[in-house]
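Quick note on labels: first sequence line is chain A, next is B, and so on, each numbered from 1.
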Amino acid sequence: MQHFRTAVLDALERVLIDVEGAPDRAALAQALSKPPKPEMGDLAFPCFLLAKALKTAPPKIAAELAEKVEPRGLIAGAKPFGPYLNFFADAGAVLAELVVGLEDGSFEQSLRTEAPQRVMVEFSQPNTHKVFHVGHLRNVSVGDALQRVFRARGHDVIAANYYGDFGIDVAKCLWQLEHGDVGEAPGEGQRGSWLGQIYAQAGAHLTALEEAGDEAGLARVKGEMRGILDAIKAGEEPYTSRYRETRQWCLDEFGTVYTWLDVNFDTDFFESDLEEPGHAIVDEYLAKGVFEPSQGAIVCMLDDYKLGPALVRKSDGTSLYLTWDLVLARRKFDEFGVERSLYVVGAEQTYHFRQLFATLERMGYERAKDCTHVAYELVMLPEGKMSSRKGKVVTFAEVRDDIVEAIGERMRTDERNDRSDWSDEKWRETVDRIAVACLRYGMLSVSNNTRVIFDAAEWTNLEGETGAYLLYSLARISGIFRKGGRTAPAELAAAARGAADFGGEPERALLNHLLAYADVLEQVERTTDPAALSAWIYGGARAFSRFYHDCPVLTADEPLRSARLALSLVTERILGHGLRTLGIEPVEAM
RNA sequence: GCGCCCGUAGCUCAGCUGGAUAGAGCGCUUGCCUCCGGAGCAAGAGGUCGCAGGUUCGAAUCCUGCCGGGCGCACCA
């Protein structure tokens, strides 16, 4: 398929061929932008950067160049707007190219990078024995979207999960399980959350002792917790069996969450596997002189990086989070052959990752510079910060149930659409998809470095800028085809080329919007922030809604009817692609 | 004290590789279902882009300082 953008660059090069000192093609491409209003054209070239070479005022340059541009192929013409030279697309021809490109695969090919790499995206990293809450949902949404974007860009992607399945917090939970009044374990599917509550109780117990000033009690309980951890490390019963069983409950429950969200990992890492290799790696680099003893502990000095010493072994001989990340990084590089490594982790750990990457560099891993900490801000509640220790959280299960309930209610009370022939299975699947769309879109519609405020009332409101709106837009397209039938794409493309009256403002605005998809994916890869993609999809859904409202499709005369069907088709395909890249599966009806 | 992030409409946020009159959603006011799905479309009210300097033909966007908020700064993860 041919791109309008390419056609414009060709045209610019033709008219600038005699101009000495004119920018090269790359610079021209860089300068192209979108006019603020559809009636001002489809692609704008600012003439400021020719002012020096031509020694002429930009508006005059624009006017002169406009004279020289001739209608040709995808270009219908060019007009000057002040200092801008604006190109107009032949809407029908551009649309036909898109239909063809989507059919023969060249559209998807055009989304891909020229330099594919092996990329690992590590995300989710849930802790067993703790609740999975809406904060974790943000991590999964961002990580999975990035993973999908990198795939769409043609990279060889490995999606990695890293379970925090070991450590003193696990022991706290097991201690409370033994000493607290916890009742019987619930049935399958709720045991993980149950353990999460028990963990919170353990935290509350410790806080209570602390606040009561009971230092002896506090020391005793902490000692017992420490003892449980040591017992598991030593393989002693009953703690080892209890640990294995409860750990599995949690992993199983995480699995149901991922299935519901449609998230898949290519590889799993476990903190419990890293203790031993952690000791080895510290010994190795201690011997090499990269690490050194300090105040009874082992550190890596990072003065060259203007960072404090990175602690890799505590004075009691045990290892830390950072140590395990060193082991993991080495595996990622050496065993997986990763060329680029993304860590989707909350912004509060920025300092940790600066130390990690600097330490890796000191260890001789030059690829440390290809490691990126994808930092995202906290998810807050309207009343303030969440705290899993205090049990002040909105759990994933609560959110899922609330939103499923709200969507089900909306559909049951809606008389506009007849769903009497829907099977239970179709109901369930549709509600679930809308729920996932609302949750993921809610998490992805703000930039990584903006805090998300999770307001249940707001999130279950299905009107306005929500995931439901996006699915609704695509469902309307499906409705058109359900009623009008599916015509062969080749026929639609031919009709689009010949439809003289196609190209009204809503049509051109929508078409123009769709053309920017590849740029948006490139931007998300570059910034590792999926928010630009969600914003673009929302903009596309809006543009379609206006088109849908203003331009009747099925009742139009041929060939306009087919041209509009073609536009509906490419919108369905491209917005659908974008939604799936965010991890949102469209529905045909809702 | 040092480092990172954020301050844009009543609220929640886009826009930030400098460019054409600063945009959405929610809320408020008002139109539009005999017409492909009203979970929609259109219009209205609402903004000293935290403050002060600087760079530039041009600054919400870049630089400096200040004010306000969040997070982090070795034996937690």
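Residue contacts for A:Arg451: at a heavy-atom cut-off of 4.0 Å it reaches the sugar-phosphate backbone alone, with no base atom in range. Counting non-hydrogen atoms under 4.0 angstrom, A:Ala44 reaches a base of the nucleic acid. Using a 4.0 Å heavy-atom cutoff across all strands shown, A:Asp169 reaches no nucleic acid atom at all. Across all strands shown, A:Pro35 has heavy atoms under 4.0 Å from base atoms, whether or not it also approaches the sugar-phosphate.
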Return the polar atom pairs (N/O with N/O) between nucleotides 71-74 of chain B and the protein under 3.5 Å, or none.
from, atom 1, to, atom 2, distance (Å)
B:A74, N6, A:Gln295, NE2, 3.3

Kindly give the atom pairs (protein nitrogen or oxygen, nucleotide nitrogen or oxygen) under 3.5 Å for nucleotides 59-64 of chain B.
none

Contacts under 3.5 angstrom, residues 549-558 of chain A side chains, donor-acceptor by atom type, not counting sequence neighbours:
from, atom 1, to, atom 2, distance (Å)
A:Glu558, OE1, A:Ser562, N, 3.2
A:Glu558, OE1, A:Ser562, OG, 2.8
A:Glu558, OE2, A:Ser562, OG, 3.0

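The CD atom of A:Glu458 sits 11 Å away from the C1' atom of B:C13 (whole-angstrom rounding). Distance A:Phe48 CZ to B:G58 P: 12 Å, rounded to the nearest Å.
A sub-4.0 Å separation between OP1 or OP2 of B:C41 and a side-chain N or O of A:Tyr469 is present. Residue A:Ser447 places at least one side-chain N or O under 4.0 Å from the OP1 or OP2 atom of B:A14. Put simply, A:Lys314 has a side-chain N or O that comes within less than 4.0 Å of OP1 or OP2 on B:C76. Taking 4.0 angstrom as the limit, A:Arg546 places none of its side-chain polar atoms (N or O) nearer than this to OP1 or OP2 of B:C41. Taking 4.0 angstrom as the limit, A:Lys130 places none of its side-chain polar atoms (N or O) nearer than this to OP1 or OP2 of B:A77. At B:G38, one or more side-chain N or O atoms of A:Arg416 fall inside 4.0 Å of OP1 or OP2 (strictly under the cut-off). Residue A:Arg476 places at least one side-chain N or O under 4.0 Å from the OP1 or OP2 atom of B:G38. For the OP1/OP2 pair of B:G37 and a distance below 4.0 Å, the side-chain nitrogens and oxygens of A:Asn417 include no atom meeting the criterion.
When the nearest nucleotides of RNA chain B are assigned to A:Ser315 and A:Leu554 by heavy-atom distance, the more 5′-ward of the two goes with A:Leu554. Place A:Gln523 and A:Lys37 on RNA chain B by their nearest nucleotides, and A:Gln523 ends up nearer the 5' end.
Taking the C1' atoms as reference points, B:G27 lies 30 Å from B:C67, given to the whole Å. Separating the P atom of B:G3 from that of B:G65 is a span of 9 Å, rounded to the nearest Å. A gap of 22 Å separates the C1' atoms of B:U29 and B:A39, to the nearest Å. Taking the C1' atom of each, B:G23 and B:C71 are spaced 29 Å apart, rounded to whole Å. For the C1' atoms, the distance linking B:G50 with B:U56 amounts to 23 Å, nearest Å. Taking atom C1' on both nucleotides, B:C13 is separated from B:C41 by 23 Å, rounded to a whole Å. B:C16 and B:A22 have their P atoms separated by 16 Å, with the value rounded to a whole Å. B:U64 and B:C2 have their P atoms separated by 15 Å, given to the nearest Å.
A donor atom on one side chain and an acceptor atom on the other are not found under 3.5 Å apart for A:Asp165 and A:His129. Using a 3.5 Å distance cut-off with no hydrogens or angles, the side chains of A:Tyr376 and A:Asn139 do pair a donor with an acceptor. Using modelled atom types, one finds a donor on one side chain and an acceptor on the other under 3.5 Å when comparing A:Asn161 with A:Tyr163. Remark: the A:Asp418 side chain and the A:Ser420 side chain contain an N/O donor-acceptor pair separated by less than 3.5 Å.
Ring-centre distance between A:Phe254 and A:Phe132: below the 6.0 Å cut-off. Checked against the 6.0 Å centroid threshold, A:Tyr343 and A:Phe357 count as a close aromatic pair.
Using bins of under 30°, 30° to 60° and over 60° for the plane-to-plane angle, the ring pair A:His513/A:Trp536 lands in the parallel bin. Classified by interplanar angle (parallel below 30°, tilted 30° to 60°, perpendicular above 60°), the ring pair A:Tyr321/A:Tyr162 is parallel.
Taking every side-chain heavy atom of A:Met40 into account, B:A20 is the closest of B:C26, B:A14, B:A20. Looking at the side chain of A:Lys483, the nearest of the listed nucleotides B:G19, B:C26, B:G37 is B:G37. Comparing atom distances between the A:Tyr84 side chain and each of B:C36, B:A20, B:A39 picks out B:A20 as nearest.
Residue A:Thr555 places no side-chain atom within donor-acceptor reach of the base of B:C36, judged by atom type and a 3.5 Å distance cut-off alone. The base of B:A20 is paired with the side chain of A:Asn86 by a donor and an acceptor separated by under 3.5 Å.
Listed by first and then second residue, the salt bridge (Lys or Arg N to Asp or Glu O under 4.0 Å) pairs that reach into residues 125-134 of chain A are A:Lys130-A:Asp169, sequence neighbours excluded. Screening residues 442-465 of chain A for salt bridge (Lys or Arg N to Asp or Glu O under 4.0 Å) gives no qualifying pairs among residues at least two apart or on separate chains. Applying the salt bridge (Lys or Arg N to Asp or Glu O under 4.0 Å) rule to pairs touching residues 301-314 of chain A yields A:Asp283-A:Arg313, sequence neighbours excluded.
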Dot-bracket, RNA chain B: Watson-Crick or G-U, under 3.5 angstrom, [ ] crossing, | other strand?
(((((((..((((.....[...)))).(((((.......))))).....(((((..]....))))))))))))....
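In textbook terms, a nucleotide whose glycosidic angle is within 90° of 0 is syn, and B:A74 is one such case. Syn is the glycosidic conformation of B:C33, whose angle stays within 90° of 0.
Remark: A:Ala475 pairs with A:Met590 by the side chain to side chain contact (heavy atoms under 4.5 Å, CB included) rule, at least two apart or across chains. Shown here are the side chain to side chain contact (heavy atoms under 4.5 Å, CB included) partners of A:Thr466, two or more places apart in sequence or in another chain: A:Ala468, A:Tyr469. For A:Arg482, the side chain to side chain contact (heavy atoms under 4.5 Å, CB included) partners two or more places apart in sequence, or in a different chain, are A:Ser478, A:Glu588, A:Ala589. Under the rule for a side chain to side chain contact (heavy atoms under 4.5 Å, CB included), the partners of A:Glu505 that lie at least two apart in sequence or sit in another chain are A:Pro38, A:Glu39.
When every heavy atom of A:Pro559 is checked against every heavy atom of A:Ala499, the shortest pair comes out as CG-CA, 3.8 Å.
Contact check of residues 536-545 of chain A against RNA chain B (heavy atom, cut-off under 4.0 Å) returns A:Tyr538, A:Arg542, A:Ser545.
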